[in-house]
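Structure record follows, encoded as structure tokens.
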Amino acid sequence: MASGLLGTINGSSIANVATTGTFTIPLMKKVGYPPHYAGAVEACASTGGQLMPPIMGAGAFIMSEFLGISYLSIAVAAVVPALIYYTAIFTNVHIRAKKQQLKGLSKDQLPVLGDVMRKDGHLILPVIIIIAALLMRYTPMKAGFVGTIAVIVVSSLRKGTRMGIKDIAAALEDGARGSLGVALACALVGFIVGTSSLTSLGLLISNNIIEISGGNLPMTLIMAMVACLVLGMGLPTTANYIVCSTIIAPALIGMKLQPLVAHLFVFYFGIMADITPPVCLAAFTGAGIAGANPSKTGLTATKIALASYLLPFCFVYNPMLLLLNFEPYSFAVLFASAVIGIVALAGALEGWFARNLNIAERVLFGASALVAIMPSIMYSLVSMLVIAILSLYFIRTARKRLTSDIAA
């Protein structure tokens with residue numbers, strides 16, 4: 001949650017891991033998670049922040065300019081996929097904890113929420129004000145200005161958080177320094193976009209993708225995915241999206257996809273490059289903090305977020321997951337099947353669901369999960385039934401084994 005909240009206002013997955021990972025990774029290691037797993041979880045959680053409304057690492061604002069639609073429309077469309085993404089991470093972490101019988105911190109080690117809110121709860125107000133300003137259709141620059149003023153005013157409400165002139169100047173300097181990386185990347189990306197437009201490079205690549213795929217949509221999507229994962233290596237969110245949307249999105253739009261769907265597709269896979277080997281910089285950063293093997297951490301991050309690699313394909317074939325062409329019943333079935341499929345997939349990948357699963361059970365559970373994630377109402381209903389039957393079987397046999405062990 002911490003990584004997701006910070007990640008949505010941060011323009012870089014790597015910077016997000018370096019910021020929140022310094023305290024989340026040691027905590028995960030303390031309760032028993034292996035170092036490579038702790039680093040991978042932090043990398044996935046930090047990367048997902050770029051996909052989480054309302055701010056989406058500034059990507060939503062650029063997308064709004066490109067598509068000529070309101071920022072609010074993009075944020076609303078991105079809500080459901082972001083929730084499914086974090087459900088996948090949470091489920092994987094939970095099942096790993098149950099499998100290894102890990103326990104959380106004892107109550108005396110936890111801070112009291114009421115005390116924390118009484119002491120520093122007022123510092124949440126500037127974030128709420130920025131979000132409210134964006135929802136009121138303020139420009140990003142104006143919302144940022146209002147938020148800056150709000151920080152100064154709100155921090156003055158308590159003596160312990162009050163900022164002097166030097167503190168304000170230092171904070172503004174830190175903010176300017178922090179923005180330099182993203183600003184420089186965006187400036188350099190301008191050259192790429194200009195070159196692509198003037199030389200028709202982007203159009204040429206898009207036409208080549210369509211030609212090589214033979215006009216086959218699944219093949220075009222796979223090629224676009226690979227291209228976005230390669231182009232997104234090492235770039236911050238904003239620069240990443242500008243490159244991918246300029247070069248790859250036209251090919252998807254040429255395949256008759258809605259522009260918003262096409263742009264969100266390339267946006268997702270460009271960001272997923274941060275946790276995709278061999279150049280998964282967010283995972284490498286997490287590995288450095290955790291003291292783990294970078295390659296093992298990257299592969300584990302890919303495994304944890306595996307369902308998220310399928311998610312863009314789902315909303316391409318059924319835009320209702322983006323709340324487009326919304327029908328309550330169909331949406332409820334698709335959302336439920338996606339969540340249930342993700343839970344089953346996590347169990348299959350970890351080899352545990354109420355008890356350890358053998359190879360055949362894992363394959364059957366995983367196959368049912370993949371069918372559940374497919375954007376088809378009929379397949380969704382059937383697969384949910386199969387997953388429910390398998391889950392009840394696993395739980396029942398686990399109880400029988402526990403009873404027999406106690407009796408013995």
Side-chain angles (χ1 to χ4, degrees), residues 1-27 39 42-43 45-62 71 111 116-117 119-134 138-190 234-242 271 274 281-282 284-286 288-290:
M1 288 180 66
S3 301
L5 290 172
L6 179 63
T8 192
I9 62 172
N10 196 331
S12 170
S13 304
I14 298 94
N16 195 13
V17 174
T19 304
T20 57
T22 52
F23 61 88
T24 59
I25 291 175
L27 279 173
E42 173 57 39
S46 292
T47 300
Q50 317 296 301
L51 311 172
M52 174 65 73
I55 301 173
M56 300 168 65
F61 305 114
I62 300 174
Y71 148 79
V116 173
M117 294 303 294
K119 182 181 178 183
D120 295 321
H122 61 293
L123 297 178
I124 298 176
L125 289 175
V127 178
I128 296 174
I129 289 170
I130 290 175
I131 294 173
L134 291 170
Y138 280 38
T139 64
M141 290 184 65
K142 191 172 183 180
F145 175 76
V146 171
T148 302
I149 299 301
V151 168
I152 297 172
V153 174
V154 170
S155 66
S156 302
L157 298 177
R158 294 287 176 85
K159 185 177 180 180
T161 58
R162 193 168 296 145
M163 301 173 69
I165 299 298
K166 289 185 178 180
D167 295 325
I168 295 172
L172 292 173
E173 180 184 348
D174 289 341
R177 289 181 182 275
S179 67
L180 285 177
V182 176
L184 181 60
C186 289
L188 292 174
V189 165
L235 288 177
T237 299
T238 46
N240 185 335
Y241 168 66
I242 292 171
I271 290 171
D274 288 334
L281 294 184
F284 287 175
T285 305
I289 297 172

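The structure displayed is predicted, hence computed values, not measured ones.
- In this structure, CG in Leu172 is found 7.0 Å from OG1 in Thr148, a value given to the nearest 0.5 Å.
- A side chain to side chain contact (heavy atoms under 4.5 Å, CB included) with Ser13 holds for exactly one of Asn240, Leu281, Asp274, Thr285; it is Asp274.
- The two residues Ile14 and Ala282 make their nearest non-hydrogen contact at CG1-N, 3.9 Å.
- Other residues, nucleotides and ligands contribute at most 12 non-hydrogen atoms within 6.0 Å of the CZ atom of Phe145.
- Although no hydrogens or angles enter the test, the distance criterion places a donor-acceptor pair under 3.5 Å between the side chain of Arg158 and the main chain of Lys119.
- The heavy-atom pair separating His122 from Leu157 by the smallest distance is CD2-CB, 4.3 Å.
- The minimum heavy-atom distance linking Val154 with Leu125 is given by the pair CG2-CB, 4.1 Å.
- Looking only at distances, no side-chain donor or acceptor of Thr8 sits under 3.5 Å from a matching main-chain atom of Gly4.
- Gly7 and Gln50 make their closest contact through O-NE2, 3.1 Å (heavy atoms, listed as atom of the first residue, atom of the second, distance).
- Of all heavy-atom pairs spanning Gly39 and Ile25, the tightest one is CA-CD1, 4.0 Å.
- Closest non-hydrogen pair, Gly147 versus Ile130, comes out as CA-CG1, 3.6 Å.
- To the nearest 0.5 Å, atom CG of residue Leu123 and atom CD1 of residue Ile128 are 11.0 Å apart.
- No side-chain donor-acceptor contact under 3.5 Å links Ser46 to the backbone of Ala43.
- Met163 contributes atom CE, which lies 6.5 Å from atom CD1 of Ile152 (distance to the nearest 0.5 angstrom).
- At a threshold of 4.5 Å between non-hydrogen side-chain atoms, the residues Arg162 and Ser156 count as touching.
- In this structure, Met52 CE and Met1 CE are separated by 9.5 Å, a value rounded to the nearest 0.5 Å.
- The CG atom of Asp167 sits 10.5 Å away from atom OG1 of Thr161, with the distance rounded to the nearest 0.5 Å.
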